[in-house]
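Here the structure comes first, spelled out in structure tokens, and everything after it is commentary.
All figures in this text were calculated on a predicted structure; none of them were measured in a lab. Positions are given from 1, in the same order as the sequence printed here.
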Amino acid sequence: MTLHGNCLFVSDAHFRTPPDKASEERELKLVHLLKNQKDKLQHLFLLGDIFDYWFEYRDVVPKGYVTLFSCLKELHSQGVQIHYFTGNHDMWVEDYFTQTFGAIVYREARMLTINGHRCFVGHGDGLGGKQRKYLLIKRIFNNRFNWWLYGLLHPRQSFAIARFCSRISRNSHNDSMLHFHGEDEFQVQFARELLQTTDVEYFIFAHRHVPTCYELAPGHLFFNTGDWLDNFSYISFASKDTEPVLNEKVM
């Protein structure tokens, strides 16, 4: 896929269902950013985990997010193309964003040519073959039959289970996960492996919550969007720029 124009990449907002005060404040900050960018934006990339949990029933979607959804609707009506890469917290996105906001939904990282540059873009979880336990769990969750079974639960039950699992996941994080570890990062190791066979100028990932711009080699950069949870960071890639730009601590 070849894309042209000003692009914005944001991820890992982990908006809660139902929203609490902190989640609502983060949502307002993101909407403020998007509205400031709307007149010069052609592509908005949502790189996953925008929601702490998302599940679409046939006739029910998570409540809340009216401010964000109103903004996305406005962007869509102005011709902004929304690209939604599912993450590990919102892997159960189906057709709501496509039907409502014209979004293109991607379930895997993929190669894109953006403003004439070869970019490999995705949420960034489970890359490479070393995360076998994680990949097994993800495969189970992504199985369509298991997806259907989970959908038989009443929304109150399914959302309660999801909130419990998210809380356990957050509590399992330690301080070392808050820092970038260079060549020890699994995303960096994946990028280096891919570079052996494929010419990629820019890798743009999310998931790690650590805003990063890291040179792999001359002309080859690794980016991580960071998050919209603590860092309020994002990546912009204007058509006039020669490379993406990491924007940190945007308030």
Side-chain angles (χ1 to χ4, degrees), residues 5-56 61-93 96-98 100-106 114 121-125 162-163 166 170 178 204-213 223-238 244-251:
N6 295 337
C7 304
L8 187 148
F9 302 77
V10 66
S11 75
D12 297 277
H14 290 271
F15 295 133
R16 299 193 62 184
T17 303
D20 57 15
K21 184 177 181 180
S23 181
E24 289 179 347
E25 289 176 353
R26 295 199 308 277
E27 182 181 348
L28 288 174
K29 288 178 182 178
L30 180 57
V31 168
H32 179 71
L33 170 68
L34 296 178
K35 287 192 173 183
N36 282 342
Q37 298 278 336
K38 67 178 183 179
D39 292 332
K40 54 185 177 182
L41 192 65
Q42 279 79 48
H43 297 277
L44 171 62
F45 289 82
L46 303 175
L47 291 191
D49 288 2
I50 301 302
F51 307 95
D52 203 43
Y53 166 67
W54 182 271
F55 190 90
E56 296 176 29
V61 296
K63 73 175 183 178
Y65 319 123
V66 174
T67 306
L68 174 62
F69 288 167
S70 176
C71 180
L72 294 180
K73 190 72 173 179
E74 183 179 355
L75 290 175
H76 174 52
S77 68
Q78 291 184 187
V80 176
Q81 178 62 64
I82 298 171
H83 306 262
Y84 199 127
F85 284 77
T86 59
N88 49 304
H89 281 256
D90 49 10
M91 65 176 69
W92 285 333
V93 165
Y96 178 77
F97 289 90
T98 300
T100 309
F101 312 114
I104 302 173
V105 175
Y106 310 82
I114 303 175
V121 181
H123 183 64
D125 61 319
R163 285 192 290 268
S166 290
R170 281 192 296 271
L178 302 177
I204 303 177
F205 295 137
H207 182 62
R208 280 284 285 111
H209 293 215
V210 183
T212 306
C213 176
F223 289 90
N224 194 289
T225 49
D227 63 29
W228 200 262
L229 190 63
D230 298 307
N231 292 293
F232 299 99
S233 54
Y234 68 95
I235 291 170
S236 57
F237 191 3
V245 176
L246 176 65
N247 303 268
E248 298 186 64
K249 288 293 182 184
V250 177
M251 301 301 289

side-chain contact (heavy atoms from CB on, under 4.5 Å) evaluation trace for Phe9 with Phe223: CA-CA 11 Å; Phe9 302 77; Phe223 289 90; over 6 Å; no
Could you give me the CA-CA distance, side-chain angles and deciding distance for Leu229 and Arg26, then say whether side-chain contact (heavy atoms from CB on, under 4.5 Å) is met? CA-CA 7 Å; Leu229 190 63; Arg26 295 199 308 277; 3.4 Å; yes
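- Between Leu72 atom CG and Leu34 atom CG the span is 7.0 Å, to the nearest 0.5 Å.
- Taking the six-membered ring for Trp and the full ring otherwise, Phe237 and Phe45 have centroids separated by 6.0 Å or more.
- Side chain of His123 to main chain of Leu47: a donor-acceptor pair is present (N/O by atom type, distance under 3.5 Å, no hydrogens or angles).
- Sorted by first then second residue, the side chain to side chain donor-acceptor pair (under 3.5 Å) pairs that include residues 33-42, not counting sequence neighbours, are His32-Asn36, Lys38-Glu74.
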Start with the C-alpha gap between Leu30 and Phe15, add the side-chain angles, then the distance that decides, and say whether side-chain contact (heavy atoms from CB on, under 4.5 Å) holds. CA-CA 11 Å; Leu30 180 57; Phe15 295 133; 3.9 Å; yes
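- Here the side chain of Asn231 pairs a donor or acceptor atom with the backbone of His209 at under 3.5 angstrom.
- Closest non-hydrogen pair, Leu68 versus Glu27, comes out as N-OE2, 2.9 Å.
- For the residue pair Cys7 and Ile114, the shortest heavy atom distance occurs at SG-CG2, 3.7 Å.
- When ring centroids are compared, Phe51 and Tyr65 come within the 6.0 Å threshold.
- Heavy-atom minimum distance, Arg208 versus Asn224: CB-ND2, 3.7 Å.
- Applying the ring-ring contact (aromatic ring centres under 6.0 Å, His included) criterion to Phe85, with sequence neighbours excluded, gives Tyr106.
- The distance from the CZ atom of Phe69 to the OG1 atom of Thr67 is 10.5 Å, given to the nearest 0.5 Å.
- Annotation: the span from His89 atom NE2 to His207 atom NE2 amounts to 8.0 Å, rounded to 0.5 Å.
- When all heavy atoms are compared, the tightest approach of Asp230 to Asp227 is N-OD1, 3.1 Å.
- Between the side chains of Asn247 and Ser236, at least one donor N or O sits under 3.5 Å from an acceptor N or O.
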Is there a side-chain contact (heavy atoms from CB on, under 4.5 Å) between Ile104 and Thr98 once you walk through the steps? CA-CA 6 Å; Ile104 302 173; Thr98 300; over 6 Å; no
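- Between Phe97 and Trp54, a ring centre-to-centre spacing shorter than 6.0 Å is recorded.
- Taking the side chain as every heavy atom from C-beta outward, Leu33 and Phe232 never approach each other to under 4.5 Å.
- Checking each of Asn88, Asp49, Thr86 against Asp125 for a side chain to side chain contact (heavy atoms under 4.5 Å, CB included) leaves exactly one that passes, namely Asn88.
- Taking each heavy atom of Asp12 and Ala206 in turn, the nearest pair found is OD2-CB, 3.3 Å.
- With hydrogens and angles ignored, the 3.5 Å screen pairs a side-chain donor or acceptor of Ser233 with a backbone N or O of Thr225.
- The structure places CG of Leu75 at 11.5 Å from CD of Gln81, a figure rounded to the nearest 0.5 Å.
- Distance check: Leu46 CG to His83 NE2 gives 9.5 Å after rounding to the nearest 0.5 Å.
- The two atoms that bring Ile235 and Pro244 nearest to each other are CG2-CB, 3.8 Å, heavy atoms only.
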